[in-house]
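We're numbering straight along the sequence, starting at 1.
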Amino acid sequence: MAGSPTARRRRLSIELKKLRESNGVTCAQVGAALDWSGSKVNRMETGHGRVQTSDVDALCRFYETSDEIREFLKSLAKQARTKGWWQQHAGGIPEWFNIYIGLEQEASSFRQYQVEMIPGLLQIPEYVREMYTYSHGISEENVARAVQVRLERQSLLRNADAPDAWFVIHEAALRNIIGERSLMRMQLDHLVDDMRLPSITVQVLPFGSGIYPMTGPFTMLGFPDPADPDIVYRDGITDAVYLEGEHHVRQYTRAFDDLRAVALSPLQSSQLINSILKEYTR
């Protein structure tokens, strides 16, 4: 089974939790039976602890699973220990962002709302470089690594099995000048080109659009396997939040649908972007 090690680790934790719950036991009870701590079992089920194949063997014996399930879980545990391509660019991305990229690589649907900047998957190298150069304490070498990671991530949208990507972009992001006006001209020109890709839908939330969900930027990832629930991602300066609960996903899904309803249609959005693009050519 190929795929992102981050996604495999998440799937493994989900399956282990399902096994325990189907057996009607607590983490503490499992830990006591296997001479582990209950917290170790909890870490395995939340993706915060490394799971060895020997751990999987012990859990499967305790739960009395079939050989097929045991081998499946052991395969997940092995793949979860591999490194993703993005981890070769250490220093170019924050440690906490590694998790997000791993999940992004596996996603089949992608919904993002951006307020202040062009979405990362739609940015040109010059735009990315300008943003990272402004950040404090990042060396030129790591800026170059960050740009390379961003470009490799963008290749997702051009693959034959590209995820269904839907972006709602506030008009402020189109008018927020990053670098020179000439850079913004290139960026918006690139955005218009990206909007022609079959995997991408872009809507602009214009100034004066009235009441809409004041959520701040967020991303929702969906996955091809129904066993992998959707996840909501929000980041900040020093960390990120991952929301997986059904309540969180439902609320953010509703917010994104409300944003899409208020935003301009894809055709109207293209027309607005082109009109702003003309302003940058003057």
Side-chain angles (χ1 to χ4, degrees), residues 1-108 145 149 152-153 156 163 219 221-233 235 238-246 248-249:
M1 178 189 301
S4 158
T6 308
R8 299 283 74 79
R9 182 164 53 253
R10 179 175 184 249
R11 178 67 182 281
L12 176 60
S13 66
I14 290 171
E15 294 297 331
L16 291 179
K17 183 177 181 180
K18 284 167 56 179
L19 272 176
R20 179 180 58 76
E21 291 179 339
S22 67
N23 279 269
V25 291
T26 66
C27 290
Q29 289 171 327
V30 175
L34 298 176
D35 199 23
W36 298 342
S37 66
S39 60
K40 173 179 177 176
V41 179
N42 179 263
R43 288 195 301 271
M44 290 179 178
E45 294 184 2
T46 55
H48 293 107
R50 182 182 293 270
V51 182
Q52 306 292 343
T53 54
S54 58
D55 296 330
V56 173
D57 272 328
L59 288 167
C60 287
R61 283 195 301 271
F62 177 74
Y63 296 134
E64 298 182 344
T65 70
S66 66
D67 291 344
E68 182 180 7
I69 290 177
R70 184 180 69 248
E71 292 306 313
F72 170 65
L73 296 179
K74 288 174 70 175
S75 175
L76 289 178
K78 290 176 182 177
Q79 291 173 54
R81 293 200 301 268
T82 63
K83 286 191 174 183
W85 60 261
W86 56 94
Q87 292 173 300
Q88 302 170 16
H89 301 280
I93 53 175
E95 183 64 29
W96 47 263
F97 196 55
N98 279 317
I99 299 173
Y100 174 79
I101 297 179
L103 294 170
E104 182 184 73
Q105 298 299 299
E106 196 80 0
S108 58
R145 288 174 175 169
V149 170
E152 291 194 41
R153 286 174 56 209
L156 275 174
T219 301
L221 299 177
F223 303 91
D225 194 318
D228 296 330
D230 290 1
I231 189 167
V232 178
Y233 170 81
D235 63 11
T238 60
D239 59 5
V241 175
Y242 298 84
L243 304 172
E244 301 182 68
E246 184 178 339
H248 295 300
V249 172

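Inter-residue side-chain proximity for Glu15 and Phe72 is flagged as met; some heavy-atom pair is nearer than 4.5 Å. Residues Leu243 and Ile231 form no side-chain contact, since every pair of their non-hydrogen atoms from C-beta on lies 4.5 Å or further apart. Contact annotation: the side chain of Asp225 never approaches that of Ser108 to less than 4.5 Å [non-hydrogen atoms, C-beta and beyond]. Residues Met44 and Val41 fail the side-chain proximity criterion, which asks for heavy atoms closer than 4.5 Å.
The two residues Gly222 and Asp230 make their nearest non-hydrogen contact at CA-OD1, 3.3 Å. Heavy-atom minimum distance, Leu156 versus Gln105: CD1-NE2, 3.8 Å. Annotation for Arg9 and Gly47: closest pair CD-O, 4.1 Å, computed over non-hydrogen atoms. Asp67 approaches Arg70 most closely through the heavy-atom pair OD1-NH1, 2.9 Å.
With values rounded to the nearest 0.5 angstrom, Leu59 atom CG is found 9.5 Å from Ser54 atom OG. In this structure, CG in Leu34 is found 6.0 Å from CZ in Phe62, a value given to the nearest 0.5 Å. Interatomic distance, Cys60 SG to Lys74 NZ, rounded to the nearest 0.5 Å: 8.5 Å. Rounded to the nearest 0.5 Å, atoms OG1 (Thr65) and CD (Glu71) are 9.5 Å apart. Here the straight-line distance linking atom CG of Leu12 with atom NZ of Lys17 works out to 14.0 Å at 0.5 Å rounding. We find the OG1-OH distance between Thr219 and Tyr100 to be 4.5 Å, quoted to the nearest 0.5 Å.
Glu64 contributes no side-chain N or O that, together with a main-chain N or O of Arg61, makes up a donor-acceptor pair within less than 3.5 Å.
Every salt bridge (charged side-chain N to carboxylate O under 4.0 Å, His left out) that Arg10 has, sequence neighbours left out, goes to Glu244.
For residues 46-56, the pairs satisfying salt bridge (charged side-chain N to carboxylate O under 4.0 Å, His left out) are Lys40-Asp55, with sequence neighbours left out.
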Would you be so kind as to tabulate the donor-acceptor pairs closer than 3.5 Å made by side chains of residues 18-25, with sequence neighbours excluded?
unit_1	atom_1	unit_2	atom_2	d
Arg20	NE	Glu45	OE1	3.1
Arg20	NE	Glu45	OE2	2.7
Arg20	NH1	Val25	O	2.9
Arg20	NH2	Glu45	OE1	3.0
Ser22	OG	Lys18	O	3.2
Ser22	OG	Leu19	O	2.8
Asn23	ND2	Leu19	O	2.7

task = Applying side-chain contact (heavy atoms from CB on, under 4.5 Å), run through Tyr63 and Val30 and close with a yes or a no.
result = CA-CA 9 Å; Tyr63 296 134; Val30 175; 3.5 Å; yes
